[in-house]
4 protein chains.
Amino acid sequence: MRKKDDEKQRNIKKAVIKLILEEGFHGTSISKIAKEAGVSPATVYIYYENKDMMLQDIYREYSEEIFCHLLDRVSEDMDGRQLIELVVRSYYSYIHENDEIFYFVEQFSSCPALTNQCGVKGNIVSIYNLFNDLKRKKVLKPLRNDTIMAVIFSPVKAISNNQCNPEDEKVDILKELIKIIQDALLL
Amino acid sequence: MRKKDDEKQRNIKKAVIKLILEEGFHGTSISKIAKEAGVSPATVYIYYENKDMMLQDIYREYSEEIFCHLLDRVSEDMDGRQLIELVVRSYYSYIHENDEIFYFVEQFSSCPALTNQCGVKGNIVSIYNLFNDLKRKKVLKPLRNDTIMAVIFSPVKAISNNQCNPEDEKVDILKELIKIIQDALLL
Amino acid sequence: MRKKDDEKQRNIKKAVIKLILEEGFHGTSISKIAKEAGVSPATVYIYYENKDMMLQDIYREYSEEIFCHLLDRVSEDMDGRQLIELVVRSYYSYIHENDEIFYFVEQFSSCPALTNQCGVKGNIVSIYNLFNDLKRKKVLKPLRNDTIMAVIFSPVKAISNNQCNPEDEKVDILKELIKIIQDALLL
Amino acid sequence: MRKKDDEKQRNIKKAVIKLILEEGFHGTSISKIAKEAGVSPATVYIYYENKDMMLQDIYREYSEEIFCHLLDRVSEDMDGRQLIELVVRSYYSYIHENDEIFYFVEQFSSCPALTNQCGVKGNIVSIYNLFNDLKRKKVLKPLRNDTIMAVIFSPVKAISNNQCNPEDEKVDILKELIKIIQDALLL
DNA sequence: TATGAATGAGTGTTCATTCAT
DNA sequence: GATGAATGAACACTCATTCAT
């Protein structure tokens with residue numbers, strides 16, 4: 001019977017993420033979520049204490065999923081240029097393939113009122129470990145991890161978000177960006 | 001006949017921006033706005049057609065204010081390194097000094113449900129003109145404007161947003177960042 | 001200058017009657033009326049004490065207009081049958097040609113909450129005088145005036161209101177009705 | 001899971017009908033209805049999709065109740081005169097005994113803005129069948145059903161509505177009316 | 001006289017949440 | 001565990017009316 005329950009919760013999560021992309025945080029109510037998930041509003045409260053907790057839980061679950069996605073792809077035998085290209089491209093494609101999740105996380109994290117309560121700020125540790133490792137191996141320049149993070153990820157995010165450019169132009173921009181990031185970070 | 005009271009509208013705008021920082025988009029209701037602005041809920045509707053229009057109007061007004069702020073500071077006699085340092089530092093300090101406005105714009109623009117309706121996209125033209133000019137003068141590398149934008153601004157934004165780091169560490173990170181951006185973009 | 005004012009008031013009246021047909025009593029607000037009439041909401045209050053008084057005034061003005069319309073058409077030299085046919089047909093055509101006014105009056109008078117305040121019940125006196133006259137002349141049977149009123153007018157109203165029947169069928173029904181009323185009332 | 005509470009819905013209906021008599025269509029708000037019915041405003045929306053649908057539903061339920069009331073009283077062994085007297089008197093007494101319902105239906109049906117959406121029109125069929133039957137049996141004159149309807153019911157309604165006459169005078173008028181209708185319709 | 005700005009009280013409706021089953 | 005009924009509080013918005021000009 002455990003199966004059934006888990007599926008309900010999964011449906012709820014899916015519904016939340018879908019609706020928040022479509023209708024924003026305001027405009028996504030418990031009853032809409034329940035309808036979309038095919039359960040009763042009351043059922044939501046079996047799995048989550050209240051709406052805020054629900055959003056936080058889901059945020060926590062997905063906010064660093066992307067980094068796992070990246071780390072899974074990194075392997076020991078890559079050189080620095082390969083590694084950066086891989087990470088950047090994987091990040092870009094994750095955003096495209098998981099747009100609902102990505103926008104959910106983005107919206108949540110750009111709302112101080114939500115993140116203040118939440119305090120995720122957390123398990124990026126493994127990415128940081130990777131950077132530390134690469135710095136020790138003289139692959140990366142000796143920069144602060146926060147700097148490296150900002151340089152690798154945020155420009156890619158900015159490109160993805162930009163709804164003006166057509167897809168094929170974005171590919172070209174990405175190529176320029178990879179080169180820049182490689183030159184900026186690698187020794 | 002009473003004249004439209006500019007101060008009233010200014011108070012409404014201030015209230016919106018303040019409340020959205022404090023309470024997020026959801027959680028910011030017309031009646032809270034009205035109370036904060038010291039007017040009746042009905043008065044809001046004299047100045048704005050409805051809530052959506054109000055947010056869009058305010059977003060449109062502020063979304064590119066930051067770029068004016070930057071362009072005002074740029075002067076002809078700077079070399080490339082100076083210019084980039086100035087732009088980056090000004091951007092950073094704008095975010096700090098206008099955090100309410102900045103977070104309002106960020107939250108709005110990270111919500112597809114809102115931005116889809118609102119076609120701003122617009123008048124960043126003058127920044128683009130500056131870049132084009134600098135490329136012609138062989139100061140900037142011949143990169144796409146979108147790439148340049150992404151490289152200059154988004155890492156700074158990422159640093160500012162990061163609520164983990166204490167202020168003095170951010171200063172150091174900013175220094176690293178400026179160096180990286182200079183090397184990446186200047187010929 | 002008296003001209004101008006009167007026109008404003010006429011526009012307001014027209015607007016009220018039009019909007020009440022289109023949108024009913026609820027749904028017809030002062031500001032909609034003002035917009036339709038091309039004046040400011042405040043202007044309405046120059047001509048009428050408040051909304052209720054406005055409706056009552058307009059009701060009073062039009063509620064017995066129809067009877068004037070009828071009496072104008074009656075002439076001395078008609079016999080009983082002619083007179084009844086004329087009255088019935090005129091009543092019917094008045095409803096069709098002045099549907100906005102008619103429905104305004106109908107809606108108003110079928111709402112006890114409105115009519116209770118308003119004591120019109122009034123100047124049908126001239127119709128009653130006509131009936132009394134005809135009874136004295138042994139044209140009409142010696143029935144109560146209220147009975148005569150009910151028999152002549154209400155069936156015609158019922159026919160007009162009936163939105164099922166096509167127009168040409170109504171003409172036939174009207175013919176039947178006239179015959180019935182003539183036989184019922186005339187000596 | 002709580003069951004839908006029939007009594008709640010009944011209370012809501014009663015409240016609607018009572019308030020509409022007292023305060024008219026405008027002036028009868030959901031919150032007044034809810035208070036009168038002893039439920040929360042939100043509860044109303046469990047039983048009805050929205051205010052318009054609520055009014056329509058209730059209208060549909062009651063608009064032809066009166067005809068059932070009449071048909072129940074008609075029996076085979078009456079002659080024409082008896083039948084008409086019975087129908088007229090029953091109609092009159094129904095109006096008096098169910099004045100709230102009657103005025104609700106009247107107000108609703110005299111508002112084109114409401115009836116246009118609604119499309120009841122419907123099940124007066126059984127009354128029509130009765131008329132057809134009586135015409136076949138040579139009891140009624142061969143008149144159109146709409147004519148018969150108009151002649152029987154609308155004058156009675158007009159009398160009932162008339163708030164000038166005292167009750168005992170109405171009784172006399174009714175007597176006159178019955179005679180007239182009998183003579184007009186019976187062979 | 002005439003106006004558009006301004007408003008408190010109200011509108012219909014939905015919200016997050018709890019209750020009874 | 002799961003539900004739909006139930007709700008008080010809140011929502012966005014409009015109302016009839018008044019104010020200052």
Side-chain angles (χ1 to χ4, degrees), chain A residues 1-2 4-5 8-9 26-35 38-55, chain B residues 1-6 8-9 26-35 38-55, chain C residues 1-2 4-5 8-9 26-35 38-55, chain D residues 1-6 8-9 26-35 38-55:
Chain A
M1 292 311 95
R2 180 146 287 278
K4 187 105 178 282
D5 309 347
K8 280 209 167 66
Q9 182 157 26
H26 70 302
T28 297
S29 70
I30 294 284
S31 50
K32 283 183 192 167
I33 291 165
K35 197 168 287 175
V39 300
S40 156
T43 305
V44 175
Y45 288 85
I46 294 168
Y47 296 97
Y48 301 100
E49 196 183 322
N50 57 36
K51 199 191 180 188
D52 275 6
M53 284 306 187
M54 180 187 72
L55 294 175
Chain B
M1 202 254 297
R2 223 179 274 174
K3 280 242 177 92
K4 251 187 202 176
D5 187 341
D6 274 6
K8 282 211 166 64
Q9 181 157 25
H26 74 303
T28 297
S29 71
I30 294 285
S31 56
K32 284 184 194 166
I33 292 166
K35 195 168 287 176
V39 300
S40 152
T43 305
V44 174
Y45 290 87
I46 293 167
Y47 295 94
Y48 301 100
E49 199 184 319
N50 56 39
K51 198 190 179 189
D52 274 7
M53 284 304 185
M54 182 185 73
L55 295 176
Chain C
M1 290 312 95
R2 180 146 287 278
K4 188 103 177 283
D5 308 348
K8 278 207 168 65
Q9 182 158 23
H26 69 304
T28 298
S29 69
I30 294 284
S31 52
K32 281 184 193 165
I33 291 165
K35 197 168 285 172
V39 301
S40 155
T43 305
V44 175
Y45 288 85
I46 293 168
Y47 296 97
Y48 300 101
E49 197 185 322
N50 57 37
K51 200 192 178 189
D52 275 6
M53 285 306 189
M54 181 186 73
L55 294 176
Chain D
M1 203 252 297
R2 223 178 277 174
K3 279 242 176 93
K4 251 186 204 176
D5 186 340
D6 272 7
K8 282 209 166 65
Q9 182 157 23
H26 72 304
T28 298
S29 70
I30 294 286
S31 54
K32 283 183 195 166
I33 291 165
K35 195 167 287 173
V39 300
S40 152
T43 304
V44 174
Y45 289 86
I46 293 168
Y47 296 94
Y48 300 100
E49 198 184 319
N50 57 39
K51 199 191 179 189
D52 275 7
M53 285 304 186
M54 182 185 73
L55 295 177

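A note on names: the letters A, B, ... follow the listed sequences, proteins ahead of strands, and every chain is numbered from 1.
- Within the 4.5 Å cutoff, side-chain heavy atoms of B/Gln9 are placed close to those of B/Tyr48.
- Side-chain nitrogen and oxygen atoms of C/Lys8 include none within less than 4.0 Å of the OP1 or OP2 phosphate oxygen of E/dT1.
- The nearest whole Å value for the distance from the CG atom in B/Leu55 to the P atom in F/dC11 is 14 Å.
- Dashed line: the shortest gap from a side-chain N or O of B/Tyr48 to OP1 or OP2 of F/dC13 is not under 4.0 Å.
- Here F/dT14 presents its P atom at 15 Å from NE2 of C/His26, a figure rounded to the nearest Å.
- Rounded to an integer number of Å, the gap from B/Ile46 CD1 to F/dT18 P is 16 Å.
- Here C/Val39 lies in heavy-atom contact (under 4.0 Å) with sugar-phosphate atoms only.
- The two residues C/Ala34 and C/Ser40 have their closest heavy-atom pair at CB-C, 3.8 Å.
- Here the straight-line distance linking atom NZ of C/Lys51 with atom CD1 of C/Ile33 works out to 6.0 Å at 0.5 Å rounding.
- The distance from atom CD of C/Gln9 to atom P of E/dT1 is 12 Å, rounded to the nearest whole Å.
- D/Tyr47 has no side-chain polar atom (N or O) that falls below the 4.0 Å cut-off from OP1 or OP2 of F/dA5.
- One finds no side-chain N or O of D/Thr43 lying less than 4.0 angstrom from the OP1 or OP2 phosphate oxygen of F/dA6.
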Quick tally for nucleotides 12-17 of chain E: nucleotides whose base has a protein heavy atom under 4.0 Å get B, sugar-phosphate-only ones S, the rest -, giving SBBBSB
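- In this entry the distance linking NZ of B/Lys35 with C1' of F/dA12 reads 15 Å, nearest Å.
- We find the OG1-CD1 distance between D/Thr43 and D/Ile30 to be 11.5 Å, quoted to the nearest 0.5 Å.
- Annotated stems with DNA chain E as a participant read E:2-21 with F:2-21, given as range with range, by first number; only runs of 3 or more Watson-Crick or G-U pairs under 3.5 Å qualify.
- B/Lys8 meets the salt bridge (Lys or Arg N to Asp or Glu O under 4.0 Å) test with B/Asp5; sequence neighbours excluded.
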